[in-house]
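Worksheet: one structure, shown below.
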Amino acid sequence: MIVNPPYPLSPKKKPLRDNVNLKEEEVLDQTLRPKQWEDFIGQERIKRNIRIILQAAKERKEAVDHLLFCGGPGLGKSTLSRLVAQSIDSNIRIITGPAIQRPGDLAAILTSLSERDVLFIDEIHRLNKTCEEIIYPAMEDFKLQIITGTGPMARTLEIDLPPFTLIGATTRIGLLTSPLRSRFGATFQVDFYSGDDIQKIIKRSAGILSIAIDEEAITMISQCSRFTPRIANRLLKRIRDFAQVEGMEKINKEITELGLSALEIDEMGLEPPDRKILEMLIRKFNGGPVGLQALAASANEEQDNILEVYEPYLLQLGLIVRSPKGRMATQKAYEHLRINPKSKTQNTKLL
Ligand code: ADP
């Protein structure tokens, strides 16, 4: 059972990839979210390890160890957390790090947990320092320590908490403090999916949404999905809109091509912001190396967006590399944008 929190789930910060309709995406996520392990495609190593952790906790009749999932947006971190809670027949409380501003808010949540509940903290790297300090004893000894008064009058009040499981999700493991990191029993890196797995996810989603689609179209959509289930699902839905407007009963290669080109997604799955970042890197900074700040300012993108969304995909495709001095465009990037490396100055024209 999912208990909805009485406070906003999302931070008031500019959302990542603010060019997408978040409300619609949330509904799509909910509709297509795997409700059982068999439907959770790929990430075999993670599933195997979680199964062992769950089994061991069950045998010991203890709460499941605290777990940390790290990886880019849309790769399945919250889906995995819900599946863990479901497997142990527990409630899951879902909160986001930046939404918890005051230690009192966190204390209220912790004291309302029941035995073996799962507390899921998304974007845990954005939890503030004072809240983080409350979390340490709660994770370690299931104790809530509250300091009342100040100076010589300060007293620590200790309240026992029921054994619970904290699951943290983060897109930026490097921003987690080491005391927090060390309190998780297991950390899982949720990686990009293989093309095969993305194709399976598209097929499954097409089935749920009753969308008829042929194999060629599935392959094309998977190639443009940034190896990410959420993006695969979103693209499938977008292309379905094009097919519907054209009066087509089945999504085929032609309508997929038309849709992808209307959405300005190229054959490598790059979208306009990806191409802009690459172009800036090549044209303005002569292919790099360039630091994040300068690149973000030139491409007019938030640094977090570059770090969490665009750069991992460009690295995965081998279009950029990172060196201690900054990002550099590779030969493949020049070829993809059809820019001659010999004339990579600011005024370079597309070949
Ligand atoms: P994250 O928490 O990492 O941002 P989510 O768990 O919210 O990602 O996943 C986004 C959506 O992608 C889910 O609603 C689900 O539809 C789909 N999805 C994610 N991982 C998988 C998977 N392994 N198999 C099938 N669908 C998946």
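Heads up: numbering here begins at 1 and tracks the sequence. Read the numbers this way: they start at 1 and go in the same order the structure lists the ligands and their atoms.
- Aromatic ring centroids of Phe188 and Phe69 lie under 6.0 Å apart.
- Protein heavy atom nearest atom 18 (N) of ligand 1, with residue, atom name and distance: Pro229 CB, 3.4 Å.
- Of all protein heavy atoms, the one lying nearest to atom 8 (O) of ligand 1 is Gly76 N, 3.1 Å.
- Using a 4.0 Å heavy-atom cutoff, Pro73 is listed among the residues neighbouring ligand 1.
- Residues Glu254 and Met248 fail the side-chain proximity criterion, which asks for heavy atoms closer than 4.5 Å.
- Among all protein heavy atoms, the one lying closest to atom 23 (N) of ligand 1 is Ile41 O, 2.7 Å.
- Closest of all the heavy-atom pairs between Asp65 and Thr165 is O-CG2, 3.3 Å.
- Atoms CG and SG, on Asp105 and Cys131 in that order, are 7.0 Å from each other to the nearest 0.5 Å.
- Interface of Asn233 with ligand 1, defined as ligand atoms under 4.0 Å from a residue heavy atom, comprises 16 (O), 17 (C).
- In this structure, atom 4 (O) of ligand 1 lies nearest to the protein heavy atom Gly74 N, 2.8 Å.
- The shell of residues lying under 4.0 angstrom from ligand 1, judged by heavy atoms, includes Tyr193.
- Here the CD1-CD1 distance, from Ile255 to Ile239, works out to 8.0 Å after rounding to the nearest 0.5 Å.
- Nearest heavy-atom pair, Tyr334 versus Asn340, reported as atom, atom and distance to 0.1 Å: CD2-C, 4.5 Å.
- Residue Phe40 has at least one heavy-atom neighbour below 4.0 Å for each of these atoms of ligand 1: 20 (N), 21 (C), 22 (C), 23 (N), 24 (N).
- Between Arg275 atom CZ and Leu337 atom CG the span is 8.5 Å, to the nearest 0.5 Å.
- For the pair Arg93 and Phe120, the cation-pi criterion (under 6.0 Å, within 45° of the ring axis) is not fulfilled.
- Shortest contact from atom 25 (C) of ligand 1 to any protein heavy atom: Pro34 CG, 3.5 Å.
- Looking at every heavy atom in both residues, Phe40 comes nearest to Lys47 through O-NZ, 2.5 Å.
- For atom 14 (O) of ligand 1, the nearest protein heavy atom (residue, atom name, distance) is Asp29 O, 2.9 Å.
- Closest to atom 7 (O) of ligand 1 among all protein heavy atoms lies Arg33 NH2, 2.7 Å.
- Among protein heavy atoms, atom 6 (O) of ligand 1 sits closest to Thr79 OG1, 2.5 Å.
- With a 4.0 Å cut-off on non-hydrogen atoms, Asp39 touches ligand 1 through its backbone and not its side chain.
- The closest approach between Leu80 and ligand 1 stays at or above 4.0 Å for every heavy atom of the residue.
- Between atom CZ of residue Arg234 and atom CG of residue Leu28 there is a gap of 9.0 Å, rounded to the nearest 0.5 Å.
- If you number the atoms of ligand 1 from 1 as listed, the ones under 4.0 Å from a heavy atom of Lys77 come out as 1 (P), 2 (O), 3 (O), 4 (O), 6 (O), 8 (O).
- Residue-environment remark: NZ (Lys58) stays at or below the threshold of 12 foreign heavy atoms within 6.0 Å.
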Review point. Between Arg126 and Glu123, does a salt bridge (Lys or Arg N to Asp or Glu O under 4.0 Å) hold up when you go through it step by step?
Key: CA-CA 6 Å; Arg126 293 176 63 198; Glu123 298 191 63; 2.6 Å; yes
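- Shown in contact with Ile201 at under 4.0 Å from a heavy atom are these atoms of ligand 1, numbered in order with element: 22 (C), 24 (N), 25 (C).
- In this structure, Ala169 falls outside the shell of residues with a heavy atom less than 4.0 angstrom from ligand 1.
- Counting heavy atoms closer than 4.0 Å to ligand 1, residue Leu32 contributes atoms from both its backbone and its side chain.
- For atom 5 (P) of ligand 1, the choice among Cys70, Ser78, Ser81 with the nearest heavy atom turns out to be Ser78.
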